[in-house]
Protein chains: 2
Amino acid sequence: MIEPETSGRTPEAMLLVVEDEPSILELLAGSLRFTGFAVVTASNGADAIRAARRHRPDLIILDVMLPDIDGFDVARRLRSGGDRTPILFLTARDAVQDRVKGLTIGGDDYVTKPFSLEEVVARIRAVLRRFRGGGAEPPPRLVFAHLELDEESHEVWRDGRPVQLSPTEFKLLRYLMANAGRVLSKAQILDHVWNYDFQGDSGIVESYVSALRRKVDTGEPRLIHTLRSVGYVLREPPGGT
Amino acid sequence: MIEPETSGRTPEAMLLVVEDEPSILELLAGSLRFTGFAVVTASNGADAIRAARRHRPDLIILDVMLPDIDGFDVARRLRSGGDRTPILFLTARDAVQDRVKGLTIGGDDYVTKPFSLEEVVARIRAVLRRFRGGGAEPPPRLVFAHLELDEESHEVWRDGRPVQLSPTEFKLLRYLMANAGRVLSKAQILDHVWNYDFQGDSGIVESYVSALRRKVDTGEPRLIHTLRSVGYVLREPPGGT
DNA sequence: TCCCGACCTGAAAGTCCCCTGAACGCGAGC
DNA sequence: GCTCGCGTTCAGGGGACTTTCAGGTCGGGA
């Protein structure tokens, strides 16, 4: 069991990540720490329950396929012990859609494997938002220049007019908008927007950038800029290479 | 190229460089020491793990092709041992396709061989910044006279007005600005700005200096000075030999 | 002053990166 | 089973960038 830690800043929330496959645990924990969460981990159900009681995380990311106790059982035991911590389940795409769906009414949610980091982070924030509710919560909208994006409803507007985006286009735009002004390399984009098991490349990022431009960036000024052999950046024009 | 030691000033950070090819190891270690880093080295995976545990470097530069343990495995072993030192991977350009995916997620990054030293130093600083900082700190900028250069967004301003530079022009200017006041020989410039396996010359440095002057050094006072048969230097006018 | 090497600069050629439309296959929904 | 939307790959074309080169300029030493 690993102690919480982030690099310096005060964490946005404390997460417990429960996953038995080391590479995925590492991927999630590393990326979430880097995103600004404090993270503790467990790799089986028993440890998960102990860690939840000990660290009292704000949210639990819970694989449903664990070596000892099934993820749903972990959830059930916590709940029957009075623990109301919201849970984000990780499930295989084909498995147990119905069992999982019932869980989302309680404020919990699920993400199917293989996931993209963009997806997981978005869901985490959504669940935390719903759960904390009430107070001064950050609006679930990203705004940049004449673009507006609603993370919850998956709607996008350009100059106030709705734009239809495919799921991947939406994730790409969300990633760009969340990092507006920062240059993002193609590797970063692939790592965050595409599923972790995606192997190919062959210019898929270019394809999607092209599609996005057509849909949301035709007018002036241009917002999506190419930095040759460096990456892409979303920003208002004045700016050198 | 053996450079003098930097006299006594406290190093910017401690790096562990892991690379099995002696010539490249020497190139990297020497140049990084000269730049102001403290450097320890290892030339295989097992030594790398030992050195990481013993010296606790701020960052590890890790070749993925090692004689014993694959660089990715080295990283995995360190991580699973709780070590979260950021890593800058060195990979062959054609190996980028398959295994590089996922490397940028935890704050790590990679550079493809053959690299330029400028590139490596820039990436090192970027990774250290991300890893240490995170908070609301000003973007990393090089400033000299009326020139301003943002390493993160690749933007350059002259008298506050943006200037468009090609990637190589940008690297050259960054090298000059990072060494403002220091005379740089053409050989040094070639070694740092161009890839280490670059063979030709035929006045390519002159060409780029010329282009840079046209773009950022037309007004008065002149900043980029030629020292005949010695090199170039970026400094304000009163100039000696 | 002359000479020679070093340097400057614009242009040409070639390369590399990127953009875009089209084709293919897959899965979901009808 | 069929259709449609989506994700992915691929190839052609265009354009930015790199590198070379030649002709001109400059500066210093003899």
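As the structure is a prediction and not an experimental result, all values here were calculated from the model. Proteins get letters first, then strands, A, B, ... in listed order; numbering begins at 1 in each.
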Check the interface with nucleotides 18-27 of chain C: list each N/O to N/O pair with the protein under 3.5 Å, or write none.
| residue | atom | partner | partner atom | Å |
| --- | --- | --- | --- | --- |
| C:dC18 | OP1 | A:Ser229 | N | 2.8 |
| C:dC18 | OP2 | A:Lys186 | NZ | 2.7 |
| C:dC19 | OP1 | A:Arg213 | NH1 | 2.8 |
| C:dC19 | OP1 | A:Thr226 | OG1 | 2.4 |
| C:dC19 | OP2 | A:Tyr232 | OH | 2.6 |
| C:dT20 | OP2 | A:Ser210 | OG | 3.1 |

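Between D:dT18 and B:Trp194, no contact under 4.0 Å exists linking OP1 or OP2 to a side-chain N or O.
Between B:Leu212 atom CG and D:dC17 atom P there is a gap of 13 Å when expressed in whole angstrom units. We find that CD of A:Glu119 is positioned 12 Å from P of D:dG7, with the value rounded to whole Å. At whole-Å resolution of the value, CD1 in B:Ile204 and C1' in D:dT20 are 8 Å apart. Rounded to whole Å, atom C1' of D:dC17 lies 9 Å from atom CD of B:Glu169. Here D:dC17 presents its P atom at 15 Å from CG of B:Leu172, a figure rounded to the nearest Å. Here the P atom of nucleotide D:dG7 and the CD atom of A:Gln199 are 18 Å apart, to the nearest Å. One interatomic measurement links the two molecules: CD of A:Gln164 to C1' of D:dC4, which rounds to 15 Å at whole-angstrom precision.
Aromatic rings from A:Phe34 and B:Phe131 are positioned such that their centres are separated by 6.0 Å or more.
Paired with B:Phe89 under the rule ring pair (Phe, Tyr, Trp, His ring centres under 6.0 Å), one option of B:Tyr110, B:Phe72, B:Phe115 passes, and it is B:Phe72.
Residue pairs meeting the ring-ring contact (aromatic ring centres under 6.0 Å, His included) criterion with at least one partner in residues 147-186 of chain A, sequence neighbours excluded, are A:His154-A:Phe170, A:Tyr175-A:His192.
Here the nucleotide nearest the side chain of B:Phe198, chosen from D:dC17, D:dT19, D:dT8, is D:dT19.
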Distance-only criterion, 3.5 Å: show the donor-acceptor pairs between side-chain atoms of residues 22-32 of chain A and protein atoms not counting sequence neighbours.
| residue | atom | partner | partner atom | Å |
| --- | --- | --- | --- | --- |
| A:Ser23 | OG | A:Glu21 | OE2 | 3.4 |

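Both B:Gly200 and B:Lys215 sit near DNA chain D, but only B:Lys215 has its closest nucleotide nearer the 5' end.
Within the 4.0 angstrom heavy-atom criterion, only backbone atoms of the sugar-phosphate kind lie near B:Asp201; the bases stay farther away.
Remark: B:Arg123 engages B:Asp109, B:Glu119 in a side chain to side chain donor-acceptor pair (under 3.5 Å) (not counting sequence neighbours). Taking the ring-ring contact (aromatic ring centres under 6.0 Å, His included) definition, one finds that B:Tyr208 meets it with B:Trp194, sequence neighbours left out. For A:Lys113, the side chain to side chain donor-acceptor pair (under 3.5 Å) partners at least two apart in sequence or on another chain are A:Glu19, A:Asp63.
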